[in-house]
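Worksheet for the structure shown next.
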Amino acid sequence: MEQNWEQLRQECLACTNCKLSATRTQVVFGTGNPTAEVMFVGEGPGRQEDEQGLPFVGRSGKLLDVYLDTIGLSREKNIFIANIVKCRPPENRDPLPEEREACLPWLRQQFKVIRPKIIVCLGRIASQVMIRPDFSVTREHGQWTEKNGVWFTGTLHPAALLRNPKQKPMAFEDFAALRQKIEEICDHTY
Ligand code: URA
Ligand code: SF4
């Protein structure tokens, strides 16, 4: 597996399959444990992610790490974190449909190697791409959907929580429910 994974990573880092390749500094492949049972999927790199080549290292990443820590998860240990698009959209605009389509094969290949049991979508874009095109994060956050033996849920994006701290208790509940789900169906996360 290690070789497949490293090969996948190297290929991805050289990707020019959409025009975001022209404006990125670095491809953000993802980070964490490739044998994790739980995967987090965000929208796309922001400025700091683009500079460092790592996902969720800016302010919203710091907040994400706090939530992860409350339920015993960390990128160093038992999860993997990636994004729908792996290169930064200019000015942090939403990734365009054609950019998502071009980039999704990388995420699918990551799923194939990691074979996560749980996929947590961070924010609207990831939830709508991974769960359902009309998924409403504010109304349906924390709900679970099973597809081909994998459990999906969507929660508020940490950047949204920074803009609107009143939503923090909602996210907190989602993480508590996530811990329960992990305890139910995962065997080496905790
Ligand atoms: N927001 C995202 O969706 N992904 C990142 O990697 C950073 C911020
Ligand atoms: Fe390739 Fe994805 Fe980057 Fe587009 S966003 S260049 S498809 S890695």
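Under the 30°/60° scheme for interplanar angles, the aromatic rings of Phe175 and Tyr67 are found to be tilted.
For Cys87, the side-chain contact (heavy atoms from CB on, under 4.5 Å) partners are Leu20, Arg24, Val27, not counting sequence neighbours.
A donor atom on one side chain and an acceptor atom on the other are found under 3.5 Å apart for Thr25 and Asp50.
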* To do: Could you go through the side chain to side chain donor-acceptor pair (under 3.5 Å) check for Lys86 and Gln26 one step at a time?
  => CA-CA 9 Å; Lys86 295 187 167 12; Gln26 299 191 60; over 6 Å; no
* Just do the side chain to side chain contact (heavy atoms under 4.5 Å, CB included) check on Lys117 and Trp151 with the steps written out, would you? => CA-CA 6 Å; Lys117 292 187 171 162; Trp151 287 92; over 6 Å; no
* To do: Applying side chain to side chain contact (heavy atoms under 4.5 Å, CB included), run through Val129 and Arg100 and close with a yes or a no.
  => CA-CA 8 Å; Val129 171; Arg100 298 179 210 167; 3.8 Å; yes
* May I have the step-by-step check of side chain to side chain contact (heavy atoms under 4.5 Å, CB included) for Asn78 and Val38, ending in yes or no? => CA-CA 7 Å; Asn78 49 10; Val38 184; over 6 Å; no
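The pair Arg124-Glu43 does not meet the salt-bridge criterion, since no charged nitrogen lies less than 4.0 angstrom from a carboxylate oxygen. Between Arg132 and Glu140 there is a salt bridge, with a side-chain nitrogen of the basic residue lying less than 4.0 Å from a carboxylate oxygen of the acidic one.
Around CZ of Phe172, the count of heavy atoms belonging to other residues, nucleotides or ligands within 6.0 Å does not exceed 12. For CZ of Arg139, the number of neighbouring non-hydrogen atoms (other residues, nucleotides, ligands) closer than 6.0 Å is 12 at most. Counting heavy-atom neighbours within 6.0 Å of Lys166 NZ, excluding the residue itself, gives a total of 12 or less. Within 6.0 Å of CD on Glu98 lie more than 12 heavy atoms contributed by other residues, nucleotides or ligands.
Taking the side chain as every heavy atom from C-beta outward, Val85 and Cys103 approach each other to under 4.5 Å. Inter-residue side-chain proximity for Glu37 and Ile114 is flagged as unmet; no heavy-atom pair is nearer than 4.5 Å. Side-chain contact between Val137 and Thr155: absent, with no pair of heavy atoms (C-beta onward) separated by less than 4.5 Å. With a 4.5 Å cut-off on side-chain heavy atoms, Met39 and Leu107 count as touching.
Rounding to the nearest 0.5 Å places CZ of Phe40 at 7.0 Å from CD1 of Ile81. Atom CD of Glu6 sits about 10.5 Å away from atom CD of Glu11, to the nearest 0.5 Å. Residue Ile79 holds its CD1 atom at 7.0 Å from CZ of Arg75, rounded to the nearest 0.5 Å. Between Met130 atom CE and Thr153 atom OG1 the span is 12.5 Å, to the nearest 0.5 Å. Here the straight-line distance linking atom CG of Asn83 with atom CZ of Phe29 works out to 12.0 Å at 0.5 Å rounding. Note that the CD atom of Gln128 and the SG atom of Cys121 stand 10.5 Å from one another [nearest 0.5 Å].
Cluster membership for Leu73 and Val41, using ILVMFWY side-chain heavy atoms within less than 4.5 angstrom, is shared. Taking hydrophobic clusters as Ile, Leu, Val, Met, Phe, Trp and Tyr residues chained together by side-chain heavy-atom distances below 4.5 Å, Phe80 shares a cluster with Ile185. No path of Ile, Leu, Val, Met, Phe, Trp and Tyr side chains, each step under 4.5 Å between heavy atoms, connects Val66 with Leu162, placing them in separate hydrophobic clusters. Following chains of ILVMFWY side-chain contacts shorter than 4.5 Å, one can reach Leu13 starting from Leu8, so the two form part of one hydrophobic cluster. One hydrophobic cluster holds both Leu64 and Phe152 under the rule that ILVMFWY side chains link at heavy-atom gaps under 4.5 Å.
A donor-acceptor pair under 3.5 Å is absent between the side-chain atoms of Asn17 and the main chain of Ala102, judged by distance alone. Panel note: side chain Arg179, backbone Gly72; no donor-acceptor pair is recorded below 3.5 Å. The backbone N or O of Ala36 lies less than 3.5 Å from no partner atom in the side chain of His188, so there is not a single donor-acceptor pair.
Contact between Arg93 and Pro89 at its shortest, heavy atoms only, is O-CB, 3.2 Å. The shortest heavy-atom contact between Asn92 and Arg88 is OD1-NE, 2.9 Å. Between Thr138 and Gln167, the shortest heavy-atom contact is CG2-NE2, 3.7 Å. The two atoms that bring Ile125 and Pro95 nearest to each other are CG2-CG, 4.3 Å, heavy atoms only. Annotation for Cys186 and Ile118: closest pair SG-CD1, 4.0 Å, computed over non-hydrogen atoms. When all heavy atoms are compared, the tightest approach of Cys18 to Glu99 is SG-CG, 4.0 Å.
Under the 6.0 Å cut-off for aromatic ring centres, Phe111 and Trp106 do not qualify, their centroids lying 6.0 Å or more apart.
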Would you be so kind as to tabulate the donor-acceptor pairs closer than 3.5 Å made by side chains of residues 51-62, with sequence neighbours excluded?
{"unit_1": "Lys62", "atom_1": "NZ", "unit_2": "Val57", "atom_2": "O", "d": "3.0"}

